[in-house]
Structures are given as C-alpha cells and as structure tokens.
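Starting from 1, each residue takes its place in the sequence as its number.
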Amino acid sequence: LKVGFDEDLVRVEAVMLDLMKSHPQIEQEPAPSTYAFKIDDYFINLSCGAWTKTDAYWGVYNDMIHNIKERFDKEGIKLAAIPRTATINY
C-alpha cells in the first residue's frame, strides 16, 4: 500500500492489523504483521502479511483489499497517488 507522507504510519499499521486480526480466515499464529518498507518520492510503501489456508488465499486476498479500502475511507486515510502533469501542445 502507498500512503502519503502526511499519514500517521502507526495509525495506518494499527488499522491494517485490526483488519487482519478480525478476518475469520486469517490465522493468528504466527501473528499478522505490517511494516513500512520503502520511502519513495511521493509516498511511503507499507506491506502487511498473514497466514491463511491455501484454499482460502485468494478469497482472503480479495477481502483484505476491499476491507482496507473501505476502512481507510471511513478513517480518512488516503492512499497515495503519483501526481501527473499533462502538457498539451497545439
């Protein structure tokens, strides 16, 4: 996930952990985890990881994408977007 420099990383990671801990198909041992792994020009990259049964993987993956987006919207956490500039010559 990419979040802007103005986001509170501790809060963002807490929300991600809460979502993983509350998903019924995510194993709690080993514990779900999050980490910030890269600072780019316009955002900070975060990652999360958790264990689930192999046959549940894609369903959990899809659920987490939807759950993170919905919860971030609710919490006012903004995902970063790279600024784009278009120049039209005529």
Side-chain angles (χ1 to χ4, degrees):
L1 296 171
K2 296 172 181 164
V3 297
F5 291 113
D6 56 340
E7 295 296 339
D8 177 350
L9 295 182
V10 172
R11 180 171 159 250
V12 172
E13 288 183 298
V15 168
M16 292 166 59
L17 281 171
D18 181 57
L19 289 169
M20 289 186 289
K21 288 178 179 179
S22 66
H23 194 289
Q25 291 180 298
I26 288 180
E27 303 292 330
Q28 298 307 307
E29 284 298 323
S33 60
T34 65
Y35 57 95
F37 70 92
K38 187 175 180 186
I39 296 176
D40 278 316
D41 291 338
Y42 301 101
F43 46 78
I44 297 172
N45 279 297
L46 299 168
S47 184
C48 61
W51 289 93
T52 189
K53 300 208 180 304
T54 303
D55 62 340
Y57 177 81
W58 287 111
V60 171
Y61 186 93
N62 185 63
D63 288 348
M64 289 305 301
I65 290 172
H66 285 267
N67 294 346
I68 287 170
K69 171 70 170 94
E70 182 180 305
R71 180 75 175 276
F72 278 21
D73 287 348
K74 182 180 175 182
E75 299 277 341
I77 298 169
K78 293 181 180 75
L79 293 172
I82 298 172
R84 305 270 185 210
T85 303
T87 303
I88 301 172
N89 297 317
Y90 54 101

Response to the item:
dist L46:CG -> T34:OG1 (nearest 0.5 Å) comes out at 7.5 Å
Worksheet item: Distance-only, no hydrogens or angles: does the N67 side chain make a donor-acceptor pair with backbone N or O of D63 under 3.5 Å?
Response: yes
Practice prompt. Keeping the roles fixed (side chain from D8, backbone from V10), state whether a donor-acceptor pair exists under 3.5 Å.
Written response: yes
Worksheet item: Yes or no on side chain to side chain contact (heavy atoms under 4.5 Å, CB included) for M16 and F72, after CA distance, side-chain angles and deciding distance?
Response: CA-CA 9 Å; M16 292 166 59; F72 278 21; 4.0 Å; yes
Worksheet item: Backbone N or O of D18 within a donor-acceptor pair of the R71 side chain at under 3.5 Å?
Response: no
Discussion item. Check K38 with D40, please: is the shortest side-chain N to carboxylate O separation under 4.0 Å?
Written reply: yes
Item to complete: Consider only side-chain heavy atoms of I, L, V, M, F, W and Y, link residues closer than 4.5 Å, and tell whether V15 and V60 are in one cluster.
Response: yes
Practice prompt. Determine, stepwise, if the pair R11 / E75 fulfils side chain to side chain contact (heavy atoms under 4.5 Å, CB included).
Written response: CA-CA 10 Å; R11 180 171 159 250; E75 299 277 341; 3.3 Å; yes
Practice prompt. Indicate the ring-plane relationship of Y57 and Y61, choosing parallel, tilted or perpendicular according to the 30° and 60° boundaries.
Written response: tilted
Item to complete: Look up atom CG in L19 and atom CD in E70, then write down how far apart they are to the nearest 0.5 Å.
Response: 9.0 Å
Discussion item. Tell me whether E7 contacts the main-chain N or O of I77 through its side chain, where contact means a donor paired with an acceptor under 3.5 Å.
Written reply: no
Fill in: Under 3.5 Å donor-acceptor, E27 side chain and Q25 backbone
no
Worksheet item: Considering all heavy atoms of both residues, which atom of F43 and which atom of F5 are nearest to each other, and what is their separation?
Response: N-CE1, 3.7 Å
